[in-house]
Amino acid sequence: MNTALQNLVQRYSLVSETDYRNALKEIIQEIALLGLWRAKFFEHAAFYGGTALRILYGLDRFSEDLDFSLLKKDPSFSFKRYEKALSTELQSFGLNVSINQKVKTKESAILSAFLKTNTSEHVLQIGLNKPFHHLDSLVVKLEIDTDPPPDFETDSQYVLKPLQFGVRVYSEPCLFAGKLHAVLCRSWKKRVKGRDWYDMLWFIGRGIPVHLKHLEARLRQSGHYQEQECLNADKLLKRLLERIDQTDLIEAKKDLSPFLRNSSVLDIWSPEFFKAAVQQLLFTETL
């Protein structure tokens, strides 16, 4: 039995296979962040996305991937320079994890790597003897934008588990801008990302303003905004209302449910609900 790993797992209320998968994935994410910090990764990059919201700001849903953005463009960046630090940190907690960087098959500024582990082995390490049948392996994806959109701001946040360390992260208004970009632009080839919509509501509910200039930079970089005029509140609201009408909220709920402890919070979801919610958007800029 691995005591350090067991202590980390004790924070969670675990019943189902999904509970254990989410908990172990989050623990791997936290330890990976610690390893990256030791390797001075955050001198060159910032954390963002749903997992940043979960680990640093208490978002009440689990998240899958570790998303980062370089502070300045570097097409030569490689996760390989951090493989040893990641492996060493994870092994110190008894986690045997393979690390593989994805070979890009098309031109893209997004670089991916994968942490893969034998989950059933680690379930035994924490003293669990339940015969779960779908915990053979677990994968955590790391993604980094090697060509960051401009006009972003970063903050320093601190993590207290598994040890105390610091993380450079996008500011909350810039995190919100990134999430709205995902809501507006993410492709739905497989299934609507209900997690994007849930996170948007989380930002609105907390009264966090949108960094409109950074959102515009993201939209221009991805080719989703080409007007000469600057993006403003009215233009953004129009796009959000159109996107709400295009969205299959039933599929969005299916995507999100495995990441929530209580999916009954989704009962209120409807086009009318979201249209009312986005009317409450705040902005960092004076419009």
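Note that the coordinates shown come from a computational prediction; the quantities given were computed from them, not determined experimentally. For reference, positions follow the sequence shown, starting with 1.
Without hydrogens or angle criteria, T284 side chain to P209 main chain gives no donor-acceptor distance under 3.5 Å. The closest donor-acceptor contact from the side chain of E216 to the backbone of L231 lies under 3.5 Å. Between the side chain of R186 and the backbone N or O of D196 there is no donor-acceptor pair closer than 3.5 Å. Judged purely by atom type and a 3.5 angstrom limit, R54 has no side-chain atom pairing as donor or acceptor with the backbone of G49. Of the possible polar contacts, none joining the D67 side chain to the D145 backbone as a donor-acceptor pair under 3.5 Å is found. Q101 contributes a side-chain N or O that, together with a main-chain N or O of F79, makes up a donor-acceptor pair within less than 3.5 Å. The backbone N or O of L260 lies less than 3.5 Å from no partner atom in the side chain of R61, so there is not a single donor-acceptor pair. Within the 3.5 Å criterion, the main-chain N or O of E89 finds a donor-acceptor partner in the side chain of S92. When atom types are taken as modelled, the side chain of R168 and the backbone of F42 share a donor-acceptor pair closer than 3.5 angstrom. Formation of a donor-acceptor pair under 3.5 Å by the T117 side chain with backbone atoms of N96 is found in this model.
With a 4.5 Å cut-off on side-chain heavy atoms, F283 and L236 count as touching. Within the 4.5 Å cutoff, the side chain of Q164 has no heavy atoms near those of the Y158 side chain.
In this structure, R243 CZ and W197 CH2 are separated by 7.0 Å, a value rounded to the nearest 0.5 Å. To the nearest 0.5 Å, atom CG of residue L184 and atom CD of residue E242 are 9.5 Å apart. To the nearest 0.5 angstrom, H211 atom NE2 is 4.5 Å from C174 atom SG. Taking CD1 of I31 as the start and CG of L95 as the end, the distance is 5.0 Å to the nearest 0.5 Å. Note that NE2 of H181 is 5.0 Å distant from CG of L219, once rounded to the nearest 0.5 Å. If you take CD1 on I27 and CG on L90, they are separated by 11.5 Å, rounding to the nearest 0.5 Å.
Note on L71 and I110: separate hydrophobic clusters, where clusters join Ile, Leu, Val, Met, Phe, Trp and Tyr whose side-chain heavy atoms are under 4.5 Å apart, directly or indirectly. A chain of hydrophobic side-chain contacts below 4.5 Å, direct or via other Ile, Leu, Val, Met, Phe, Trp or Tyr residues, connects V265 to I268. Tracing side-chain contacts under 4.5 Å through hydrophobic residues (I, L, V, M, F, W, Y), one never reaches L282 starting from F176; they form parts of separate clusters. One hydrophobic cluster, built from ILVMFWY side chains closer than 4.5 Å, holds both L237 and M200.
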>> Using side chain to side chain contact (heavy atoms under 4.5 Å, CB included), reason through F203 and L53 one step at a time and then give a plain yes or no.
In response: CA-CA 10 Å; F203 279 107; L53 298 179; 3.5 Å; yes
>> Applying side chain to side chain contact (heavy atoms under 4.5 Å, CB included) to W202 and D60, what does each step give before you reach the verdict?
In response: CA-CA 9 Å; W202 182 86; D60 57 342; 4.3 Å; yes
>> Show, in sequence, the C-alpha distance, side-chain angles and deciding distance for I208 and L175, and conclude whether the side chain to side chain contact (heavy atoms under 4.5 Å, CB included) test is met.
In response: CA-CA 10 Å; I208 296 170; L175 287 169; over 6 Å; no
> Would Q157 and Y57 satisfy side chain to side chain contact (heavy atoms under 4.5 Å, CB included), going step by step from the backbone distance to the final call?
Replying inline: CA-CA 9 Å; Q157 292 292 328; Y57 296 101; 3.5 Å; yes
> Taking it one step at a time, do D248 and R191 satisfy salt bridge (charged side-chain N to carboxylate O under 4.0 Å, His left out)?
Replying inline: CA-CA 9 Å; D248 186 335; R191 187 160 61 186; over 6 Å; no
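E30 has a carboxylate O that lies under 4.0 Å from a charged side-chain N of R11, or vice versa, which qualifies the two as a salt bridge. The pair R218-D151 fails the salt-bridge criterion, with no side-chain N (NZ, NE, NH1 or NH2) lying under 4.0 Å from an Asp/Glu carboxylate O. One finds a salt bridge joining K275 and D245 here, because a Lys/Arg side-chain nitrogen approaches an Asp/Glu carboxylate oxygen to under 4.0 Å.
Results of the side chain to side chain contact (heavy atoms under 4.5 Å, CB included) test with Y12 over L14, L8, V15 single out L14 as the only residue that passes. For the pairing with K193, the side chain to side chain contact (heavy atoms under 4.5 Å, CB included) check across L256, D199, D255 returns one residue only, D255. Across Y170, W37, F68, a single residue satisfies ring-ring contact (aromatic ring centres under 6.0 Å, His included) together with F47, and that is F68.
Taking each heavy atom of F152 and L70 in turn, the nearest pair found is CZ-O, 4.4 Å. Here the shortest heavy-atom pairing between L201 and A277 reads CD2-CB, 3.7 Å.
In K235, the NZ atom is crowded: over 12 heavy atoms of neighbouring residues, nucleotides or ligands sit closer than 6.0 Å. Heavy-atom neighbours of K84 NZ from other residues, nucleotides or ligands within 6.0 Å: at or below the threshold of 12. Under a cut-off of 6.0 angstrom, the local environment of NZ in K25 is crowded, with over 12 non-hydrogen atoms contributed by other residues, nucleotides or ligands.
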